[in-house]
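Presented below is the structure to which this report refers.
Hydrogens, waters and symmetry mates play no part in the numbers below; they use all other heavy atoms, side chains included. Worth saying up front: this structure is predicted, and the values here are computed from it rather than measured.
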Amino acid sequence: MAKELSTRAQDYSQWYNDLVLKGELADYSAVRGCMVIKPYGYALWENMQASLDKMFKDTGHQNAYFPLFVPKSLFEAEEKNAEGFAKECAIVTHYRLKTDPNNKGKLMVDPDAKLEEELIVRPTSEAIIWNTYKTWIQSYRDLPILVNQWANVVRWEMRTRLFLRTAEFLWQEGHTAHATKQEAIAETVQMLDVYADFAENWMAMPVIKGVKTASERFAGAEDTYCIEALMQDGKALQAGTSHFLGQNFAKAFEVKFSDKNNTMDYVWATSWGVSTRLIGGLVMTHSDDEGLVMPPRLAPIQVVIVPIFKGDEQKAILDEKVSGIVASFKAAGIRVKYDNTDHNRPGWKFAEYELKGVPIRIAVGPRDLENNQVELARRDTKEKSAVSMDGLTETVSALLLEIQSNLLNRAKKYRDEHITKVDTWDEFVNVLDAKTGFILAHWDGTPETEEKIKELTKATIRCIPLDNPLEDGKCILTGNASIQRVLFARAY
RNA sequence: CGGGAAGUAGCGCAGUCCGGUAGCGUACCUGGUUUGGGACCAGGUGGUCGCAGGUUCGAAUCCUGUCUUCCCGACCA
C-alpha cells in the first residue's frame, strides 16, 4: 500500500524525516545520534565523493589517511581549536573489557586497562595532521602540501538529526601547508570556489559565498569562508567551510621551514571540508510532497524503465526490446535501472520511484511497441509525454541535462525571492517570521550586537558575502554606523 | 542537558488506566485471477511486547533503573 508521507506544510521536520527514512537514504541505529546510511543513500554519497574527489585532484590535491584517535596532549596543543571542540568529544580511556564476576555473561571495563594518556576520537584532524606535517616539512621545497582525507569524525552533539547533524558523520577534510600567507589565502578561496561549483553544478543547490564573522569562525582559524544554502522552509544551511588558519597550527606544533634565504618561518595553513550534511541539503532543496527529487548528475538511478505487460509472453517481448535500450543508455553513461519485477504492478513502481526521486521514468508496454514510442515522465515537473523510440538515448541525455538546469533555476528562483533587504528592526523581525529566508541588513560590526540579535530572534549572521558592495547605513538594532549589509537567517 | 511524546510482527498501530499468557492493517509465503498510477480472492508464516531488575500464583499492563527515537529549547557542520 501507499507509504504515507507528511507534507511540508503539515510538518516540515517530519516531512524531512519521512523522505530520508522512506526514501531509504538512511535509518536510525542502536547508537545514540548515529545513523545507518543505506545503500541508496550511500550510492548518492559515492557520487558526491567521486565528483568532489576529481575536483580536488584537478586542483593538485592528493588523498591520504590519518588516525581516528588523537592523543589528548596533541589535541590540546592549539588552544582555541581544543577549546572549541572540547565540549563535544568522545574519549577513549581504556583498552580492554573483561567478564564481570558479579554479572554472568556480561562484560565490564577492565579497571587495570586504563590508558596512560586518553585518546580523543577526532572531531576534526588538524592536531594529528599538523603533528605529522612537522616531520614532513623542513624547506620551502617541501611546500605546498596539498592533502585531503575522506574520513569519519565524531562530535557528541546534544541534538541530532539525520544527515544534518549526527554524532558520527562522513566527510572530507583538506589540510594544506604553504610558504606564504597569500598562497594559503588563495588556496582557501580556491577550495571555497570548488565547493560552490559543486553545490550549484552537481547538487543544483545555489549557494552564497561569504566570510564568517569572528564569533562564527572555526576554532583556531583566522578566517572562515563558507557557502550558505537556503532550504525550502526558509532556514539557512551551512553547506561547506574553508578555513584560513594563518600560522596558528604551525606555531602550536612547531612547524617551521627555511626559505630561499635560509631564514626560518612558520608554515601557513588551510583546512576545508564538506560532509554528509550535504545530503540533507540536497533533500531539502529539491524534494516535494511526493518524495525525493534527485539532481540527475548525482542521482544513483537517473532513469528507471517500467515495463507494462500481461503475462510472460508480453514480458519476454518487452525484456528483449528494453535490453537494447538499456545497453544504449549504459553506453551513453546513463545510470539506468530496468525494473521488470513481477510482484509489484506498474502503479506501485511509479509511486516508488517518485519517492526515490529518480529524475526520469520510462514506461513501455504493448501499446508503445505498436507505435514505436515510450511514455516518458520527468520527476521535477511531473510532466508525461510520448516520445519516439528512435533517438531515445539522445532524448533522455538531453532531458537529464534539462532537468539538472531546471532544478538549479527553480532553487535559485526560490532563493533569490527569499533574499530581502531590510532597514528597520520591525521589518527584520517581520520578514524573519513571515516571509523567512535570507535577510540583508546593516550591522554595526560588533560581536555584542550580533549576539543580541541572535538572542532576540534566533537569527545569526550567516556570512558577509564575498562580493558585498560597500554601502553606508545604520545598524538595524543599535542604529550605529555600518559600512555594509550582512546576510542574516535562522539556520540549521 | 531542560520540557513534552513514544518504543508491542519488516512497517504503521490497538491493547496498558482496571494484571490472567497478544490483536488489527499492511508487508511476507502458497495458489488463482490480474497488470497503462500504490490490484483482488482464498489459505498460511511471523512477536520472550526496547533492555535490565523488582512486586505477584501470574506482568505488554504495576514499580525502579536504563537505552533509543521524535518534537520544542540551549549547543553545533
Side-chain angles (χ1 to χ4, degrees), chain A residues 1-6 11-14 16-18 20-22 24 27-35 84-89 103 105-106 123-124 153-173 195 212 215-216 218-219 224 226-229 236-243 271-281 290-291 306-312 314-315 318 340-355 361-369 371 373-375 377 382 384 386 454-455 458 460 462 491-492:
Chain A
M1 255 330 273
K3 294 189 189 176
E4 292 295 330
L5 296 177
S6 303
D11 186 340
Y12 191 85
S13 294
Q14 193 55 48
Y16 173 78
N17 288 334
D18 281 354
V20 171
L21 296 169
K22 292 173 183 166
E24 298 189 297
D27 243 336
Y28 296 115
S29 75
V31 188
R32 197 207 85 101
C34 297
M35 64 179 173
F85 285 102
K87 315 183 288 301
E88 50 187 34
C89 286
N103 208 344
K106 301 293 178 188
T124 181
V153 288
V154 168
R155 296 182 187 175
W156 214 262
E157 301 289 352
M158 291 180 182
R159 192 175 157 203
T160 57
R161 300 196 61 189
L162 295 165
F163 287 114
L164 297 172
R165 187 175 300 107
T166 46
E168 178 194 18
F169 57 94
L170 306 184
W171 75 346
Q172 58 70 218
E173 47 183 327
Y195 288 157
K212 288 288 185 191
S215 63
E216 298 275 333
F218 175 76
T224 288
C226 63
I227 51 173
E228 294 284 329
L237 183 76
Q238 179 173 305
T241 47
S242 184
H243 314 291
S271 70
W272 28 274
V274 294
S275 72
T276 37
R277 169 181 259 200
L278 286 178
I279 292 177
E290 271 68 53
V306 177
I308 291 152
F309 56 86
K310 300 178 188 181
D312 289 343
Q314 282 191 1
K315 179 169 178 292
L318 282 164
N340 65 347
T341 53
D342 202 7
H343 57 282
N344 288 316
R345 298 162 83 242
W348 188 92
K349 293 176 187 174
F350 293 171
E352 180 65 15
Y353 291 107
E354 273 165 18
L355 172 58
R361 181 185 72 234
I362 291 174
V364 54
R367 210 161 70 200
D368 299 301
L369 292 185
N371 300 322
Q373 66 178 32
V374 298
E375 182 193 79
K382 308 273 180 59
K384 288 194 274 196
K454 185 179 177 183
E455 228 172 81
K458 296 181 178 67
T460 49
R462 302 317 306 155
Y492 276 95

Which whole number of Å gives the distance between the [atom1] atom of [N] and that of [M]?
{"N": "B/rC63", "M": "B/rC28", "atom1": "C1'", "result": "39 Å"}
{"N": "B/rA59", "M": "B/rG73", "atom1": "P", "result": "43 Å"}
{"N": "B/rU16", "M": "B/rU35", "atom1": "P", "result": "45 Å"}
{"N": "B/rC57", "M": "B/rC17", "atom1": "C1'", "result": "23 Å"}
{"N": "B/rA39", "M": "B/rA22", "atom1": "C1'", "result": "31 Å"}
{"N": "B/rA42", "M": "B/rU34", "atom1": "C1'", "result": "15 Å"}
{"N": "B/rG54", "M": "B/rC49", "atom1": "P", "result": "16 Å"}
{"N": "B/rG58", "M": "B/rU21", "atom1": "C1'", "result": "9 Å"}

In terms of side-chain geometry, is the basic nitrogen of A/K382 or A/E354 positioned less than 4.0 Å from the acidic oxygen of its partner?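 Looking at A/E354 together with A/K382, the answer is no, because their closest N to O distance does not fall below 4.0 Å.
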Euclidean distance, atom [atom1] of residue [X] to atom [atom2] of [N] [Å, nearest integer]:
{"X": "A/Y16", "N": "B/rC70", "atom1": "OH", "atom2": "C1'", "answer": "14 Å"}
{"X": "A/K454", "N": "B/rA74", "atom1": "NZ", "atom2": "C1'", "answer": "9 Å"}
{"X": "A/M158", "N": "B/rG3", "atom1": "CE", "atom2": "P", "answer": "15 Å"}
{"X": "A/M35", "N": "B/rU69", "atom1": "CE", "atom2": "P", "answer": "12 Å"}
{"X": "A/Q14", "N": "B/rA6", "atom1": "CD", "atom2": "C1'", "answer": "12 Å"}
{"X": "A/H343", "N": "B/rG31", "atom1": "NE2", "atom2": "C1'", "answer": "18 Å"}
{"X": "A/L21", "N": "B/rU69", "atom1": "CG", "atom2": "P", "answer": "12 Å"}
{"X": "A/R161", "N": "B/rC72", "atom1": "CZ", "atom2": "C1'", "answer": "12 Å"}

How is [X] classified with respect to the nucleic acid when contacts are heavy atoms under 4.0 Å: base, sugar-phosphate, or nothing?
{"X": "A/G84", "answer": "nothing"}
{"X": "A/V306", "answer": "nothing"}
{"X": "A/Q238", "answer": "sugar-phosphate"}
{"X": "A/T241", "answer": "nothing"}
{"X": "A/L164", "answer": "base"}
{"X": "A/T341", "answer": "nothing"}
{"X": "A/F218", "answer": "nothing"}

Across all strands shown, which nucleotide pairs with [N] by Watson-Crick or G-U wobble geometry, both distances under 3.5 Å?
{"N": "B/rC18", "result": "none"}
{"N": "B/rA59", "result": "none"}
{"N": "B/rG73", "result": "B/rC1"}
{"N": "B/rC40", "result": "B/rG32"}
{"N": "B/rU68", "result": "B/rA6"}
{"N": "B/rC11", "result": "B/rG25"}

Checking the side chain of [X] only, and the main-chain atoms of [Y] only, is there a donor and an acceptor separated by less than 3.5 Å?
{"X": "A/R155", "Y": "A/E88", "answer": "no"}
{"X": "A/Y16", "Y": "A/L162", "answer": "yes"}
{"X": "A/D18", "Y": "A/S6", "answer": "yes"}
{"X": "A/T276", "Y": "A/F169", "answer": "no"}

Assign a letter to each nucleotide of nucleotides 32-37 of chain B from its 5' end: B, base within under 4.0 Å of a protein heavy atom; S, sugar-phosphate only; -, no contact. --BBBB
For A/Y492, does the six-membered ring have the charged nitrogen or CZ of A/R165 within the cation-pi criterion, i.e. under 6.0 angstrom from the centroid and within 45° of the normal? no
Nearest listed nucleotide, side chain of [X], among [options]:
{"X": "A/Y28", "options": "B/rU69, B/rC72, B/rG73", "value": "B/rU69"}
{"X": "A/E157", "options": "B/rU68, B/rC75, B/rC28", "value": "B/rC75"}
{"X": "A/K458", "options": "B/rA74, B/rU69, B/rC70", "value": "B/rA74"}

Do A/T160 and A/M35 come close enough that some side-chain heavy atom pair is under 4.5 Å?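 Sidechains of A/M35 and A/T160: no contact.
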Is the shortest side-chain heavy-atom distance between A/L318 and A/I308 below 4.5 Å? no
Quick one: is [N] close enough that its OP1 or OP2 comes under 4.0 Å of any side-chain N or O from [X]?
{"X": "A/R159", "N": "B/rU69", "answer": "no"}
{"X": "A/Y492", "N": "B/rC76", "answer": "no"}
{"X": "A/T160", "N": "B/rC75", "answer": "no"}

A/T224 and its side-chain hydrogen bond (donor to acceptor under 3.5 Å, both in side chains) partner, picked from A/H243, A/K212, A/E216: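 Exactly one pass, corresponding to A/H243.
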Please lay out, stage by stage, how A/Y195 and A/T241 fare under the test side chain to side chain contact (heavy atoms under 4.5 Å, CB included). CA-CA 8 Å; A/Y195 288 157; A/T241 47; over 6 Å; no
